[in-house]
Amino acid sequence: MTLKCGGCQLAINYNKISMEKIKKSIITKKVKNYKINRKIKKTYQPKAGDVAIFKILSIGKHKAIQGVNGNNTYIFPGDLIMATFGTRYASNQFEGYVPDKYYSRYQILGQGGVVGILKSMHEKFKDIGATQVRLMGYAVDENNQVINTKYYDETPVNFNPFKKWSFPIYLSLGAGMDSGKTTTAAFVSRALMQQKKKVAYLKLTGTVYAKDCSFVRDCGADKAIDFSYCGYPSTYLCQTEEILDLFENLLQKIAPDNPDAVIVEIADGLLQRETKALINYKPFMQLIDQTFLSCGDSLSVKSGIEILEKIGKKPVLLSGLFTTSPLMVKEVQAITDIPVFTIEDFMDKTKFSQVFLPVKSEEKLTVNDF
């Protein structure tokens with residue numbers, strides 16, 4: 001029988017060995033039972049979240065992917081990786097999209113495992129370019145259906161604008177990418193932790209990358225999750241209704257922990273497509289108790305305040321990269337009475353308590369009390 005079907009047996013063994021060598025990205029961490037369908041790679045039209053196997057052709061900007069545990073898994077030409085098709089909007093890095101047809105090669109758009117067709121990149125990456133990959137086949141289930149990570153093994157719920165949550169919700173916004181939104185969210189979390197408050201952090205939009213959640217968690221948040229916990233490789237080009245449903249599902253994931261405060265971060269800047277739509281959608285903003293604004297310079301602070309004042313959500317504090325310049329801090333303080341927080345200021349309990357009142361009831365015990 002082995003001799004009669006030797007070719008088939010060899011193919012099965014080869015496939016098994018290949019699967020064992022596949023390096024899985026963090027966005028595919030829930031995918032366990034699958035087969036590789038190579039026959040449909042040129043005919044199937046992928047969607048955001050579809051799981052596929054790719055071969056590394058050449059190394060560019062991304063020299064590693066984030067593995068299933070969040071650690072870097074370094075990649076080399078010839079390696080096989082499991083990732084998803086997806087989009088990316090990153091003004092300081094890449095712009096890319098889910099392909100509309102089969103291509104001989106694709107590009108890694110995000111280290112968390114997002115692959116697509118690169119449309120543009122920041123000038124600083126022009127020399128190195130993107131890491132190039134080839135589609136080897138799709139990951140399919142027992143019914144030969146392509147596996148999609150969105151709400152994989154989950155039953156999603158719809159956004160409920162009338163639900164009353166037991167915790168305040170703070171929104172960390174910024175003038176643009178790398179303006180300091182995550183750092184602000186992280187140090188607000190740390191300051192709240194010093195007030196004996198339990199904090200949860202949600203990153204609602206962006207491209208999958210575990211670093212932000214890890215940083216905020218290490219700073220003091222009791223729980224930190226993002227859109228990828230619902231299987232989204234990215235949220236770029238998602239409809240507002242879809243992001244609102246995602247918001248509802250993420251809130252329900254952290255609600256059982258009974259946090260005293262929830263900090264929500266939205267990626268990129270106030271003018272970015274999804275961010276602009278969300279902050280101008282009243283049912284969403286009615287759930288937001290206070291906003292923080294992070295900016296890279298004093299002029300963007302002024303513009304950001306004006307945008308948020310128009311929607312009735314004037315920020316309660318200002319922070320971000322501009323605070324590393326004492327001169328810019330003075331420029332901002334000359335045009336607004338909104339408190340400006342450097343990283344050191346967040347650790348000033350007196351200053352912070354002027355914005356966020358300490359817990360009035362019986363203080364909660366923490367590890368520092370033992």
Side-chain angles (χ1 to χ4, degrees), residues 1-60 62-68 73-88 94 96-119 129-153 207-208 228 231-234:
M1 186 173 183
T2 302
L3 292 175
K4 183 178 179 181
C5 300
C8 295
Q9 185 66 44
L10 180 60
I12 293 173
N13 287 340
Y14 177 78
N15 187 50
K16 182 177 179 180
I17 292 173
S18 298
M19 291 173 71
E20 290 174 348
K21 291 181 177 293
I22 292 171
K23 297 178 177 180
K24 294 178 65 176
S25 60
I26 193 169
I27 190 59
T28 67
K29 62 183 178 182
K30 290 185 179 180
V31 179
K32 301 193 186 310
N33 299 316
Y34 68 96
K35 298 178 292 183
I36 302 173
N37 188 327
R38 296 182 174 91
K39 295 180 180 180
I40 62 172
K41 68 179 184 179
K42 292 186 178 181
T43 57
Y44 178 78
Q45 176 59 53
K47 305 181 299 296
D50 281 344
V51 181
I53 309 302
F54 300 91
K55 183 177 182 179
I56 305 297
L57 299 178
S58 62
I59 301 298
H62 291 102
K63 298 176 174 61
I65 59 172
Q66 285 192 320
V68 294
T73 299
Y74 290 92
I75 52 178
F76 304 89
D79 284 354
L80 296 176
I81 65 168
M82 177 186 285
T84 66
F85 278 107
T87 55
R88 188 174 190 192
F94 292 162
Y97 300 90
V98 176
D100 58 355
K101 62 179 181 179
Y102 174 78
Y103 288 84
S104 60
R105 58 178 55 201
Y106 303 89
Q107 292 76 44
I108 293 182
L109 302 176
Q111 195 165 329
V114 182
V115 171
I117 293 295
L118 180 69
K119 183 174 182 180
T131 296
Q132 305 288 324
V133 301
R134 176 177 295 142
L135 174 62
M136 304 301 291
Y138 287 92
V140 298
D141 60 21
E142 64 275 10
N143 298 316
N144 207 34
Q145 298 297 307
V146 174
I147 295 172
N148 191 285
T149 55
K150 290 183 180 180
Y151 298 111
Y152 185 73
D153 282 345
T207 304
V208 57
S228 72
Y232 277 71
S234 75

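Given the structure is predicted, the values throughout are model-derived calculations rather than measurements.
Annotation: side chain of F85 is not in contact with side chain of Y97 (no heavy-atom distance under 4.5 Å). With contacts defined as side-chain heavy-atom distances shorter than 4.5 Å, the pair V68/T73 does not qualify. Taking the side chain as every heavy atom from C-beta outward, I22 and I81 never approach each other to under 4.5 Å. The shortest side-chain heavy-atom distance between M19 and I36 falls under the 4.5 Å cut-off.
Counting non-hydrogen atoms of neighbouring residues, nucleotides and ligands closer than 6.0 angstrom, the CG atom of N33 reaches no more than 12 such neighbours. In Y74, the OH atom is not crowded: 12 or fewer heavy atoms of neighbouring residues, nucleotides or ligands sit closer than 6.0 Å.
Atom CG of D141 and atom NZ of K35 lie 8.0 Å apart (nearest 0.5 Å). Interatomic distance, CZ of R38 versus CG of L135, reported as 11.0 Å (0.5 Å rounding). Rounding to the nearest 0.5 Å gives a distance of 6.0 Å between NZ of K23 and CZ of F76. For the atom pair K30 NZ and T149 OG1, the distance stands at 9.5 Å (nearest 0.5 Å). Residue S104 holds its OG atom at 7.0 Å from CZ of R134, rounded to the nearest 0.5 Å. Between the OG1 atom in T84 and the CD1 atom in I27 there is a gap of 5.5 Å [rounded to 0.5 Å].
Side chain of K24 to backbone of V31: a donor-acceptor contact under 3.5 angstrom is found. A donor-acceptor contact shorter than 3.5 Å links the side chain of S25 to the backbone of M82.
For the pair K150 and Y152, the cation does not sit on the ring face, since its NZ or CZ is not both under 6.0 Å from the ring centre and inside 45° of the axis.
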Begin with the C-alpha distance, continue with both residues' side-chain angles, and end with the deciding distance and a verdict on side-chain contact (heavy atoms from CB on, under 4.5 Å) for V208 and Y232.
CA-CA 7 Å; V208 57; Y232 277 71; over 6 Å; no

Residue pair K21, L80: steps toward the side-chain contact (heavy atoms from CB on, under 4.5 Å) verdict
CA-CA 7 Å; K21 291 181 177 293; L80 296 176; 5.7 Å; no

Would you sort out whether Q107 and Q132 count as a side-chain contact (heavy atoms from CB on, under 4.5 Å), showing the intermediate values?
CA-CA 5 Å; Q107 292 76 44; Q132 305 288 324; 2.8 Å; yes

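Shortest non-hydrogen contact noted between L109 and G86 is CD1-O, 3.5 Å. Here the shortest heavy-atom pairing between V115 and A83 reads CG2-CB, 3.9 Å. Across all their heavy atoms, Y102 and K41 have their closest contact at CD1-O, 3.2 Å. Between P233 and V114 the shortest heavy-atom distance is O-CG2, 3.5 Å. Considering all non-hydrogen atoms of both residues, I117 and P99 come closest at CG1-CB, 3.8 Å.
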Return a table of donor-acceptor pairs under 3.5 angstrom between the side chains of residues 49-59 and protein atoms on other chains or two or more places apart.
from: D50; atom 1: OD1; to: N148; atom 2: ND2; distance (Å): 2.9
from: D50; atom 1: OD2; to: Y44; atom 2: OH; distance (Å): 2.8
from: D50; atom 1: OD2; to: K47; atom 2: N; distance (Å): 2.7

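For the residue pair N37 and Y34, no side-chain donor N or O sits within less than 3.5 Å of a side-chain acceptor on the partner.
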